[in-house]
Amino acid sequence: IIISLIRLDNGIELKLNDAHVHFSFGLRVVESAGSCSWFYSKPQRTAVKSEHCCWFPRDFFFEAAASFLCCFCSPPRIKDEPDDDGFYASPKEDSKPLKRPREDDDVKACFQGEGNTVPGSNRFFLILQDSKAKKAKSKDKKVPEADKRKKPKKEEEQKWKWWEEERYPEGIKWKFLEHKGPVFAPPYEPLPENVKFYYDGKVMKLSTKAEEVATFFAKMLDHEYTTKEIFRKNFFKDWRKEMTPEEKSTITNLSKCDFTHMSQYFKAQTEARKQMSKEEKQKIKDENERLLKEYGYCVMDNHKERIANFKIEPPGLFRGRGNHPKMGMLKRRIMPEDIIINCSKDSKIPPPPPGHKWKEVRHDNKVTWLVSWTENIQGSIKYIMLNPSSRIKGEKDWQKYETARRLKKCVDKIRNQYREDWKSKEMKVRQRAVALYFIDKLALRAGNEKEEGETADTVGCCSLRVEHIKLHPELDGQEYVVEFDFLGKDSIRYYNKVPVEKRVFKNLQLFMENKQPEDDLFDRLNTSILNKHLQDLMEGLTAKVFRTYNASITLQQQLKELTNPDDNIPAKILSYNRANRAVAILCNHQRAPPKTFEKSMMNLQSKIDAKKEQLADARRELKSAKADAKVRRDEKSKKSVESKKKAVQRIEEQLMKLEVQATDREENKQIALSTSKLNYLDPRISVAWCKKWGIPIEKIYNKTQREKFAWAIDMAEEDFEF
DNA sequence: AGTCGGACTTAGCATTTATTCG
DNA sequence: CGAATAAATGCTAAGTCCGACT
């Protein structure tokens with residue numbers, strides 16, 4: 001449906017349909033697009049407020065013009081500012097404006113400009129005509145069918161390139177933010193009457209509140225941790241808080257509680273869900289999609305952006321990682337009264353669910369979150385924030401890699417410095433220098449101190465204790481070996497035997513003198529002291545930058561080393577994965593071997609065997625066909641030889657692919673690649689590698705990852721150097 | 001210098017969805 | 001086509017780091 005007719009200053013007319021307008025303008029502006037509005041080819045902050053102005057992304061504008069112009073005429077393509085040297089200024093590095101300035105323009109001033117294009121700028125003005133007056137006219141000019149069909153695709157391709165725009169000044173995260181608030185967990189549905197809970201062998205009907213908490217436990221019955229003392233103790237304590245006085249006086253011993261019937265019921269439910277018909281499944285899917293469409297997006301500064309976690313965490317039993325002292329505690333249901341909403345003053349403020357109120361509505365554009373609440377287990381704040389594909393996350397990510405690249409420039413100096421500091425007279429300086437050496441060489445985390453008894457006992461570099469390392473003056477033919485054995489983040493074990501320099505070794509001996517196993521190894525050091533020192537060495541330098549730097553530089557160097565130009569694509573990808581793996585090992589990104597690992601490995605092996613047989617068969621056939629051709633010497637048999645040859649080649653290739661896959665999987669058994677890929681490896685390294693060797697980017701990044709790294713995919717060329 | 005709340009990144013496992021296989 | 005398997009996505013815990021305050 002054509003709803004608007006637009007006339008350019010030079011008389012060219014554009015028709016826009018509904019979807020088109022929605023897509024490019026954002027919701028608010030569309031609603032108010034009245035009889036006369038101004039349009040710009042770049043975002044105008046004031047535009048959002050004044051309701052009479054809106055903007056097109058520039059490229060979209062021209063493409064739209066191409067598709068929609070009734071009397072087609074190639075619009076003047078206004079070039080961006082000169083392309084300096086193809087190098088995109090980094091967010092932090094450079095304070096000079098990026099490609100598209102975003103400064104607030106006075107709308108009137110634009111209006112009074114010299115024409116529809118201002119030389120040297122990319123402004124382009126449109127006048128939206130009174131759509132009623134033009135309706136009759138627009139009817140007889142029909143838009144070609146082909147263009148109509150092409151259009152949705154165009155929209156898909158037209159992604160906002162925020163990385164070509166200027167950033168906001170430090171501290172300001174947005175100018176306009178509108179969203180629909182969070183989606184709450186579905187309310188509790190009491191169990192059907194026939195599902196029983198037994199206490200001490202007797203049926204007992206629970207109050208709704210007590211029953212709800214009981215179902216949380218029942219759902220976990222198969223898990224090992226429901227047998228753990230701490231889990232049971234914590235659960236029982238919190239459960240009793242939800243009980244009525246009568247229940248409380250009856251139910252005094254968790255061991256006398258029988259949840260098995262409830263558990264069976266839930267298992268049956270899960271099974272039933274699996275068995276649902278296609279239509280029912282589709283219905284659920286549609287409903288989820290509707291929810292996503294309504295609540296999964298927000299408008300931030302003229303752009304519709306995807307929200308990461310718009311659903312509030314449902315209530316349940318807390319299960320920390322590792323040996324967590326709070327496991328089994330009740331994670332309570334979050335109500336609107338717990339929720340703080342953050343949005344623009346002039347936005348449509350999301351209404352709380354009927355009969356409820358928000359805890360608070362604030363308008364803080366110094367933060368990126370849309371919704372927050374305080375969680376009851378640790379008392380920490382949880383947030384609803386944007387998806388990694390959003391501008392606000394992407395900019396930060398890009399900046400992180402730029403900081404790491406700055407470290408690259410001065411890392412030698414820093415290394416020399418800490419080696420000097422090993423000899424310092426000051427204990428504090430020595431400890432700092434040894435800790436930094438570990439962080440640099442082993443990619444250890446900083447290691448903040450944690451409150452004892454509140455979380456699992458895990459450590460990082462600065463919080464290492466004497467009991468976590470063993471010193472071996474000599475081990476397996478190597479001198480000065482340090483053996484690390486401790487639980488790190490998520491209670492993942494770090495175990496490593498590392499030869500270190502003599503001076504480090506001697507220092508460690510010194511630090512351990514007269515200490516108990518549970519004493520801090522670096523007793524004069526913490527992360528704040530360390531980071532303060534790092535800040536002096538380089539602006540923006542913190543302990544974690546070393547992890548980013550070492551991960552990315554390792555990938556780049558491993559790719560150089562491992563890629564064989566003569567390899568085919570699968571073999572090159574194996575090389576990529578191996579380079580990725582080297583990083584994952586460095587960062588100690590482990591995973592539990594998948595439960596079905598052995599089985600799936602065997603399946604793959606049998607596939608390989610089958611393929612081998614198939615290859616042998618194909619070769620035999622080729623041989624006989626060749627013999628046949630020699631005798632008959634006719635066209636037909638020659639052709640047969642050719643096709644058999646091709647078959648052999650194809651099977652060989654398939655076999656090789658399978659074998660590569662098997663190697664890859666075996667090597668990956670206990671190593672998780674995704675964490676480093678997503679958080680530590682500068683995506684531009686991967687993009688450049690793909691471009692250099694002609695590997696399709698889809699082989700390296702899946703759809704979500706491509707969205708997250710759109711900036712890198714767009715800007716990195718083959719010659720990118722980290 | 002140390003403590004603490006707050007904001008944001010990083011992490012692995014669980015669940016869902018897509019693909020392959022029989 | 002449905003089951004099995006693999007890949008992708010979702011979930012939320014657990015880190016890092018900063019700045020206000022004492």
Side-chain angles (χ1 to χ4, degrees), chain A residues 171 173 223 270 273-275 278 281 284-285 288 292 308-314 316 318-322 324 326-327 331 340 342 364 366-369 372 374-375 377-388 392-393 396-397 399-400 428 439 445-451 454-456 458-463 487-492 524 526-532 534-535 540-545 547-548 551 584 587-592 594-597 599-601 603-604 606-607 610 661 665 670-680 701-705 707-708:
Chain A
K173 306 298 172 69
H223 258 106
T270 314
R273 225 173 304 134
K274 268 194 219 155
Q275 298 302 323
K278 263 206 176 130
K281 280 185 183 167
I284 294 174
K285 217 175 152 187
N288 283 336
L292 174 69
N309 54 328
F310 58 92
K311 287 179 183 157
I312 298 276
E313 298 172 18
F318 176 82
R319 175 60 172 114
R321 317 264 166 83
H324 202 292
K326 299 199 169 186
M327 64 170 87
K331 205 168 100 169
I340 302 174
N342 192 31
D364 182 358
K366 307 276 190 295
V367 297
T368 66
W369 53 268
S372 77
T374 302
E375 152 267 6
I377 304 288
Q378 327 260 7
S380 62
I381 308 168
K382 300 246 176 169
Y383 304 94
I384 291 183
M385 292 183 188
L386 297 194
N387 190 279
I392 213 155
K393 294 288 182 190
K396 201 80 191 292
D397 207 36
Q399 188 179 309
K400 171 181 80 188
K428 186 177 142 184
I439 284 170
R445 294 187 186 83
N448 284 305
E449 48 277 58
K450 323 199 298 177
E451 220 174 319
E454 293 291 302
T455 55
T458 61
V459 298
C461 185
C462 293
S463 49
L487 297 182
K489 183 178 180 182
D490 294 320
S491 293
I492 296 291
R524 308 285 173 87
N526 61 36
T527 53
S528 139
I529 295 171
L530 178 65
N531 280 335
K532 237 174 233 147
L534 293 177
Q535 196 60 238
L541 187 61
T542 63
K544 87 185 185 87
V545 178
R547 244 168 108 79
T548 313
C587 294
N588 199 39
H589 291 142
Q590 299 190 29
R591 63 169 187 175
K595 280 184 192 117
T596 53
F597 185 84
K599 205 171 136 203
S600 88
M601 220 46 216
N603 283 345
L604 194 56
S606 58
K607 256 199 224 167
Q661 201 187 347
R665 197 182 293 178
Q670 303 198 58
I671 298 161
L673 299 187
S674 59
T675 306
S676 46
K677 205 179 204 177
L678 243 41
N679 300 303
Y680 288 103
Y701 291 135
N702 68 31
K703 186 168 151 280
T704 323
Q705 294 164 341
E707 277 165 15
K708 169 167 177 170

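Numbers restart at 1 for each chain; the letters A, B, ... are given by sequence-line order, proteins then strands.
Contact annotation for A/A592: backbone-only contact, meaning every heavy-atom pair under 4.0 Å involves sugar-phosphate atoms and none involves a base. If you check every strand for non-hydrogen atoms under 4.0 Å, A/N702 touches sugar and phosphate atoms only. Counting any heavy atom pair closer than 4.0 Å across all strands shown, A/K173 reaches sugar-phosphate atoms only and no base atom. In this structure, A/K544 reaches the sugar-phosphate backbone alone: every heavy-atom distance under 4.0 Å involves primed, P, OP1 or OP2 atoms, never a base. Counting non-hydrogen atoms under 4.0 angstrom, A/R524 reaches nothing in the nucleic acid. Within 4.0 Å of A/P314, counting heavy atoms only, lie sugar-phosphate atoms of the nucleic acid but no base atom. Counting non-hydrogen atoms under 4.0 angstrom, A/A672 reaches nothing in the nucleic acid. Residue contacts for A/S372: at a heavy-atom cut-off of 4.0 Å it reaches no nucleic acid atom on any strand shown. A/A308 comes within contact range of no nucleotide atom at all, as no heavy-atom separation falls under 4.0 Å. Among the heavy atoms of the strands, none lies under 4.0 Å from A/S674. Nucleic acid contact class of A/R445 (heavy atoms, under 4.0 Å, all strands): sugar-phosphate only. Using a 4.0 Å heavy-atom distance criterion, A/Y383 is classed as a base contact. When heavy atoms are screened at a 4.0 angstrom cut-off, A/G488 is found touching the sugar-phosphate backbone but no base atom. If you check every strand for non-hydrogen atoms under 4.0 Å, A/R273 touches nothing.
For the side chain to side chain donor-acceptor pair (under 3.5 Å) with A/E454, the qualifying choice from A/H324, A/K326, A/Q378 is A/K326, the only one to do so. Between A/R321 and the choices A/T455, A/D490, A/T458, the side chain to side chain donor-acceptor pair (under 3.5 Å) rule is met once, by A/D490. Each of A/K393, A/Q399, A/K400 was scored for a side-chain contact (heavy atoms from CB on, under 4.5 Å) with A/D397, with one residue passing: A/K400.
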Applying side-chain contact (heavy atoms from CB on, under 4.5 Å), run through A/T675 and A/C587 and close with a yes or a no. CA-CA 9 Å; A/T675 306; A/C587 294; over 6 Å; no
Check the pair A/Y383, A/T368 against side-chain contact (heavy atoms from CB on, under 4.5 Å), reporting the backbone distance first and the verdict last. CA-CA 9 Å; A/Y383 304 94; A/T368 66; over 6 Å; no
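For the residue pair A/S463 / A/E449, no side-chain donor-acceptor distance below 3.5 Å is found, with atom types taken as modelled.
In terms of position along DNA chain C, the nucleotide closest to A/E313 lies nearer the 5' end than the nucleotide closest to the other residue of the pair A/E313 and A/Q535. Residue order along DNA chain C, read from the 5' end via each residue's closest nucleotide, puts A/I312 first among A/I312 and A/T527.
Of the side-chain N and O atoms in A/K450, none sit less than 4.0 angstrom from OP1 or OP2 of C/dT16.
Within 3.5 Å, no donor on the side chain of A/K396 pairs with an acceptor on the base of B/dT9, nor the reverse.
In this structure, A/N679 atom CG and B/dT10 atom P are separated by 5 Å, rounded to whole Å. Atom OH of A/Y680 and atom P of B/dT9 are 13 Å apart (whole Å). Atom CG of A/N309 and atom C1' of B/dC8 are 12 Å apart (whole Å).
Distances from the side chain of A/V367 to the nucleotides C/dA13, B/dA7, B/dA11 place B/dA7 closest. When distances run from any side-chain atom of A/R591 to the nucleotides C/dA14, C/dT16, B/dC13, the shortest one goes to B/dC13. For A/A543, whose side chain is taken as the heavy atoms from C-beta onward, the closest listed nucleotide among C/dA14, B/dA11, C/dC17 is C/dC17. Residue A/R321 places its side chain closer to C/dA13 than to any other of C/dA13, C/dC17, B/dC8.
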